[in-house]
Amino acid sequence: MNGESYDLSFYADCFVVMGFCEYAYVSGEHYYFEKALSLYDTIKNRLKSGSVKSEPYPAAEGFEPYAFEMIVLGITNELLRYAIKYNHSSLTHLKFACTHSLNRIFSDFHHPKSLMPFEMRTSKMNQHTLLASHVTPGHTLENMWFCIQAAQLLGTLESYLPRIITITKQMWAIGWDKEHAGLFRYTSRLGSKPSGSLLGNDRYENLVLDTWDTKIWWVHSEALYTLLLTYQLSGDKTLLSMYQQTEAYVLATFPNDEFGEWTQIRNRFGQPLNKVIALPVKDPFHIMRNLQLIVQLLGIKEENA
């Protein structure tokens, strides 16, 4: 893929939107918001036309990933947060876009009764496939705090929070390894190894099969923040218990006592795994963001501040 194109993954553009928005939000340098808004429009247009690229694991033909709408909601939140603070002319448009994306998460990517996520939205003829039947607990847990943020910005949290709490509990329970603790990378909807008919030679399908039982730091960092946030909003002690179990596993598993560093990728038994799982840039992004969010949520301040 090297040298093939500069437009290999629209996710990279989404991260630029997030960065520009945050910088504009805290600095007041509106130029960066305008750049972010322009890039956002191109992302939406590419998704609408079906021409979007998501290397190195492109979506198989006929499948729409949960992650696509999830990242759209995430970047729309950042744009809307800025527009509210500075009363930008795009405010009405962004409120509509945020409402649409939030509603679509629950109407198109979660079962209306069970609230089970559809990791890959597809036609009935593909429902027997592994791609259509597997779930990604870490991503769904991450998206639940995206949904909370969106609902808070829109002033509609009360109507969404019960579903968000149900999904958070559900995905933690499904993803939690009951034998060795920790959250699986991928599972079936029953919490077991993903299964189903295979397309064959699909990179994402191979990734699911090869890494489903790995324990990855970014997955747990997202779970920690979502569990703590939903507990603070609801007071539900079950969420607190899930948070405490996750925290205990993280602190017992990921730190490397010999060097003081944390090994982000572990096998099912908690042993270091010397291989790249998906993208090497994912861990720094998720981990640092969630650390900052947890510190903010707990109101932790420097002793000498």
Side-chain angles (χ1 to χ4, degrees), residues 11 54-60 63-68 70-71 109-111 114-122 126-144 167-224 226-227 242 245-246 249-250 252-254 262-283 285-287:
Y11 289 114
S54 56
E55 297 288 352
Y57 303 103
F63 291 83
E64 181 186 4
Y66 184 99
F68 281 14
M70 169 185 163
I71 194 68
F109 289 95
H110 284 270
H111 190 279
S114 70
L115 296 177
M116 186 68 67
F118 303 122
E119 190 62 36
M120 290 283 186
R121 187 167 175 264
T122 188
N126 291 323
Q127 292 302 315
H128 62 284
T129 62
L130 178 145
L131 289 184
S133 60
H134 83 290
V135 296
T136 309
H139 263 160
T140 307
L141 287 168
E142 178 186 3
N143 194 37
M144 288 304 100
I167 293 167
T168 297
K169 290 179 178 179
Q170 180 186 68
M171 294 313 298
W172 187 91
I174 288 173
W176 191 254
D177 185 345
K178 296 173 180 59
E179 292 183 49
H180 305 285
L183 290 162
F184 288 123
R185 175 85 184 281
Y186 304 108
T187 73
S188 71
R189 292 191 178 115
L190 298 176
S192 55
K193 180 179 179 179
S195 62
S197 301
L198 303 179
L199 303 181
N201 295 320
D202 180 81
R203 278 177 270 166
Y204 179 71
E205 186 177 75
N206 291 336
L207 180 72
V208 172
L209 290 170
D210 182 49
T211 68
W212 76 273
D213 63 349
T214 53
K215 308 292 175 60
I216 307 178
W217 183 193
W218 80 255
V219 171
H220 294 77
S221 75
E222 293 294 350
L224 286 170
T226 299
L227 290 166
M242 290 174 170
Q245 290 179 69
T246 308
Y249 175 81
V250 165
T253 304
F254 292 102
W262 289 42
T263 302
Q264 297 101 324
I265 304 168
R266 302 274 178 162
N267 64 19
R268 182 176 184 182
F269 312 105
Q271 300 161 336
L273 194 59
N274 188 24
K275 65 188 293 187
V276 173
I277 303 295
L279 302 177
V281 298
K282 287 183 73 66
D283 282 321
F285 173 72
H286 288 268
I287 293 167

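Position 1 is the first residue of the sequence; numbering continues from there.
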Q) Under the side-chain contact (heavy atoms from CB on, under 4.5 Å) test, which residues partner Asn267, sequence neighbours left out? A) Phe269, Gln271, Leu273

**Q.** By salt bridge (Lys or Arg N to Asp or Glu O under 4.0 Å) - contacts of Glu142 (at least two apart)
**A.** Arg289

(Q) I want to check something: taking the side chain as every heavy atom from C-beta on, are Phe184 and Pro137 in contact at a cut-off of under 4.5 Å? (A) no

Q: Determine whether Gln264 and Ile287 make a side-chain contact, defined as any pair of heavy atoms from C-beta on separated by less than 4.5 Å.
A: yes

Q) Sequence neighbours excluded, which residues qualify as side chain to side chain donor-acceptor pair (under 3.5 Å) partners of Gln170? A) none

Q: May I ask you to decide if the ring planes of Tyr186 and Tyr204 are parallel, tilted or perpendicular, using 30° and 60° as cut-offs?
A: perpendicular

Q. Who are the ring pair (Phe, Tyr, Trp, His ring centres under 6.0 Å) partners of Tyr66, not counting sequence neighbours?
A. Phe109, His110

Q: Report yes if some heavy atom in the side chain of Val219 is under 4.5 Å from a heavy atom in the side chain of His286; otherwise report no.
A: no

Q: Output all residues satisfying side chain to side chain donor-acceptor pair (under 3.5 Å) with Ser192, sequence neighbours left out; order by chain, then residue number.
A: Ser188

Q: Find the distance between OG1 (Thr187) and CH2 (Trp176) and round it off to the nearest 0.5 Å.
A: 14.0 Å

Q.
Less than 4.5 Å apart, side chain to side chain, heavy atoms only: is that true for Trp217 and Val250?
A. yes

Q.
Glu205: which residues meet the salt bridge (Lys or Arg N to Asp or Glu O under 4.0 Å) condition with it, sequence neighbours left out?
A. none

Q: Dump the intermediate steps for side-chain contact (heavy atoms from CB on, under 4.5 Å) on His220 and Thr253, then the final yes or no.
A: CA-CA 11 Å; His220 294 77; Thr253 304; over 6 Å; no

Q) Between CZ of Arg185 and NE2 of His134, what distance do you get to the nearest 0.5 Å? A) 9.5 Å

Q. Can you name the ring pair (Phe, Tyr, Trp, His ring centres under 6.0 Å) partners of Phe68, sequence neighbours left out?
A. Phe10

**Q.** Pairwise side-chain contact, Val208 with Tyr57, heavy-atom cut-off 4.5 Å (strictly under)
**A.** no

Q: Compare every heavy atom of Leu183 with every heavy atom of Lys215, then report the nearest pair and how far apart it is.
A: CD-O, 3.3 Å

**Q.** Residues that Thr122 engages under side chain to side chain donor-acceptor pair (under 3.5 Å), provided they are two or more places apart
**A.** Asn126

Q.
Tell me every residue that passes side chain to side chain donor-acceptor pair (under 3.5 Å) with Thr168, counting only those two or more places apart in sequence or in another chain.
A. none

**Q.** salt bridge (Lys or Arg N to Asp or Glu O under 4.0 Å) partners of Arg268, counting only residues at least two apart
**A.** Asp177, Glu179

Q | Lys169: partners by salt bridge (Lys or Arg N to Asp or Glu O under 4.0 Å), with sequence neighbours left out | A | Asp236

Q) Nearest heavy-atom pair of Tyr11 and Ala67: which atoms, and what distance? A) OH-CB, 3.3 Å

Q: For the pair Glu222 (side chain) and Leu141 (backbone), establish whether a donor and an acceptor sit closer than 3.5 Å, ignoring hydrogens and angles.
A: no

Q) Taking C-beta and beyond as the side chain, do Leu209 and Leu130 meet within less than 4.5 Å on heavy atoms? A) yes

Q. Parallel under 30°, tilted from 30 to 60°, perpendicular over 60°: which one fits the rings of His139 and Trp218?
A. tilted

(Q) With heavy-atom distances below 4.5 Å as the criterion, would you say the side chains of Gln245 and Trp172 are in contact? (A) yes

Q) Testing Val135, Ile167, Asn143 for side chain to side chain contact (heavy atoms under 4.5 Å, CB included) with Pro117, which one passes? A) Val135

Q | Shortest non-hydrogen separation from Tyr249 to His180 and the atoms involved | A | CE1-O, 3.9 Å

Q | His111: ring pair (Phe, Tyr, Trp, His ring centres under 6.0 Å) partners, not counting sequence neighbours | A | none

